[in-house]
Amino acid sequence: MHKKLNFQPIEQETLSTFALMFVLVVAAILRLYNLDTPSMWLDEILVPMAASHPIEYIFDLCKNSEVHPPGFYLVIKAIMVAGTSDFALRALSAACGIASVYLAYVWIREMSGPDTAVLGAAFLAVNPLHIYDSRVVRPYALFLFIMLLGLLWLFRFLRNGDWRSFKKFLFANAGLLLLHYAAILLAGAFGVLLMVFWGLRRTRNEFKAVCLFGATSLMAFSLDLPFFLGRIEKTHKGQFMGYDLVDASLNTLGKVVEVAFMFKQWPLRAAFVLAVLAGGLWLLRGGDRVRRMVLLLFIVPLSLLLATKYDYYAYNVWHLSFLLPLLAGIAGHCLGFFRKAHASVAAVILTAGMGVYLFTAHGDDYFRADSAILPYYVLSKPLARDVPAHLKPGDIVAASDFGFFNGLNWYLNQFVSSNPVIEQHLDDAPGAVPLHFLSGAGQFGDLAKNEVEFLEKMGPPQSIATLHQSKLYTYLIARNPGLIMESLPGGASVHAGLREFYSKVDRFEGLTFDSNWGGAFCPVLPGKKAFAEFHVDNGSSYSPQLITMGVRYRNEGKGNILRMLCRFDDEEEWEAFSGVGPDHSTTDVAIVERRRPYSRLNIRCELLLAPLTASFPGGNQGTLRLEDVFVSAEALQ
Amino acid sequence: MKARKRFLFLLGSGLALILCLACTHENAQPFGAGDLMLTTTPKGMNISGIEGMEKAKEGTWRWMVGSHAALGFQLDKPREYVLRYAMNNPLPGQRIELVVNGTTLAVHEGLKPTPWLEPTVSQVIRFQGRKGANDISWRFSLQNHVGAVFTEADKRPLAQALLECKIYPVPLNP
């Protein structure tokens, strides 16, 4: 059967070339059209936000919070030298996506001829998941591109024993291992395939290939090992073996169907699955030994997932993206049973039909400003366009969480010359000050579970503006700076609550509110000057006094600095204490014997955020938190 | 061959040492000042023989347990410090010896019990802190169930109720 497929009259060769051109053009349009229009969604924007930090931060992130190795972050860090626009950041994925369609053609052509190849390429070109992968700042498109290169070189080796190709394949496999942990499954499949070939042929060459593959895979993976072990230890323990076998298997198999066709149009989903099944059946019956290896590469990683009962709450279809080239390779053979099938014509029809369908029926999923694969995250880009109109210079802004805050700032920094959300400051002028609280998608952090609870706590706002998935609550905070210590023994304190801090602080700069763990104020950016000043009036005329002044805080970030400076009346300022993170203490104090009378104690807390310790939401503000400032005094005998 | 083996041994040992240091390295926080009635463990301080804070409407205290209680901290340069402490004694005949960096600075002998949470001992002492490790310890002659009993119900070897303990450098105030 496959001999007929390999027989290509000149006219048919021309037809397949034309079909390939058409497929590539449609693939390019689907991947490039309005590439910079949609807002980056949470998973995407975390990449450039993390990559804008030093490499030490990226390594720390991948060891402690992120589920991927650092490879793609380093790639994006390099790209960011050239530009940080959405187009610049997504261009690599788009280019890899288009090139992958061509590579799929080349790989399948070497197995089964150009007609089958162009149909396989068409399946990849119009695959909704591959289009998504090609339009986001995630590692999947690059991964698939390298994987296809690897497949091409591996199959050349299997067919011709070409060692140069095998060495290139080893490099591709190493690249995959550095890019995404799914490569472990794939490496398992490659390993099984090579061992099967060794078993079938029993030559020294195949044995050498197995050994070389094992050694280079281990070498490449050893670079990822600290990150991989860190993740397994901290969050991924439960992802394996912790679920019911049937539930986990059905979930994974359902996702495999989604890989074939991601959207919930069941006739189309069924058609694509049927194409894969037909192609698979043909490969089983009509394919030669090498071609059947495509099926092995598909089955081994899937079996590993099922055997380990892999599942978890954020298990998404794109995590199985690595199946895409294999599905395309299998589906490309779906017309093998039809003697006079013109796969090239079918490829053109498939590409044109699906191209039009995706543009019209699913344009909202790919090409609009609010397109997003998961709709429940705040899209920062449209928000950043609208927020500045609601703020006046000098207004203070707080957000419900730092992921949302950082995403908004990412785009605000591109859209406005002076970002009002980062330029947070307040002087000691009397009167009231507008406070804008931005809630992302109904979230209020630890402040409140919902809007009702938030409004109960904060009282009725001056105004509420709905901005896309967010709401902007505006309050007028009455300023009442300073504290009074009435008598001895006595004390006074300020908690970093939303209203209390803005009301009681004398002056501050570069700080913003964090609702977590009962509330705190954190530096808005690493390296940016941040301070808060308070004063305590001495209501007692007694002296001498033993005065304790201090802060409750968290300083979990390497190189973060928290310092307290004090000054009695107009005397010289002195450093009460300072600390460099990481610091396991949560309270620091200075104790002084004040023998002369004084009327006012001035306190200045300085915070400097270092960009070294990672925190998941695209920054690390939460690693340095000022929670309370307190003073107490007693009479000295 | 012997020299090569020795070189490899030294290289291996050096790498192992670096690895151990890297694993155990922790950012030791310098000690500035501390109030044991404000935080369980003040920043930069090690505490032994002093239990957590207990509160009642009459006040706050921390039990000092065992034959001695100690505070340890590191200083990056020599500095004079003030130690203020107050204790409530529940055990008749108690003897307390304060030892700072190996030198006895105060002895409280023949102590009688005073009403609950009223200071039996109240002391302010200046001492010279030294560069590196510093150690303040109180040694007790009696503890509950060891030489005397003041409460049957509590089986801990309670020695004193700490009511105040502040350590701070002088002169901090300009």
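In this text the structure is predicted, and so the values were computed from the model without any measurement. Residue numbers start from 1 in every chain, and the chains themselves are labelled A, B, ... in the order their sequence lines are given, proteins ahead of strands.
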K.L.:
Between B:Val82 and chain A, with a heavy-atom cut-off of 4.5 Å, which part of the residue counts as in contact: side chain, backbone, both or neither?
P.N.:
side chain

K.L.:
Does B:Lys112 have more than 12 heavy atoms from other residues, nucleotides or ligands lying within 6.0 Å of its NZ?
P.N.:
no

K.L.:
Once you round to the nearest 0.5 Å, how far does OH of B:Tyr168 lie from CG of A:Leu546?
P.N.:
4.5 Å

K.L.:
Assess whether atom CH2 of A:Trp517 is packed by more than 12 heavy atoms of other residues, nucleotides or ligands within 6.0 Å.
P.N.:
no

K.L.:
Looking at A:Leu225, I'd like to know if its CG atom is crowded, meaning that more than 12 non-hydrogen atoms belonging to other residues, nucleotides or ligands lie closer than 6.0 Å.
P.N.:
yes

K.L.:
Using a 4.5 Å cut-off on heavy atoms from C-beta on, say whether the side chain of B:Arg84 contacts that of A:Leu636.
P.N.:
yes

K.L.:
Please flag which part of A:Thr587 lies under 4.5 Å from any non-hydrogen atom of chain B: side chain, backbone, both or neither.
P.N.:
both

K.L.:
Taking all non-hydrogen atoms of both residues, which atom of A:Ser585 and which atom of B:Gly44 are closest, and how far apart?
P.N.:
OG-N, 4.3 Å

K.L.:
Rounded to the nearest 0.5 Å, how far does OG1 of A:Thr586 lie from NZ of B:Lys43?
P.N.:
11.0 Å

K.L.:
Give, as side chain, backbone, both or neither, the part of A:Arg567 having an atom under 4.5 angstrom from any heavy atom of chain B.
P.N.:
neither

K.L.:
Should we say atom NZ of A:Lys504 is surrounded by more than 12 heavy atoms from elsewhere, each under 6.0 Å from it?
P.N.:
yes

K.L.:
So which atom in B:Ile167 and which in A:Ile591 form the shortest heavy-atom distance, rounded to 0.1 Å?
P.N.:
O-CD1, 4.2 Å

K.L.:
Let's go through B:Thr41 and A:His584 carefully: what are the C-alpha distance in whole Å and the side-chain angles of both, what is the deciding distance for side chain to side chain contact (heavy atoms under 4.5 Å, CB included) to 0.1 Å, and is it a yes or a no?
P.N.:
CA-CA 10 Å; B:Thr41 308; A:His584 299 300; over 6 Å; no

K.L.:
Salt-bridge test for A:Glu634 and B:Lys166: reply yes if a basic N is under 4.0 Å from a carboxylate O, no otherwise.
P.N.:
yes

K.L.:
Could you tell me which of B:Thr40, B:Leu38, B:Val124 has the largest number of non-hydrogen atom pairs under 4.5 Å with chain A?
P.N.:
B:Leu38

K.L.:
For a quick test of reading the model, state the closest non-hydrogen atom pair linking A:Ala590 to B:Ala33 and the distance between them.
P.N.:
CA-CB, 4.3 Å

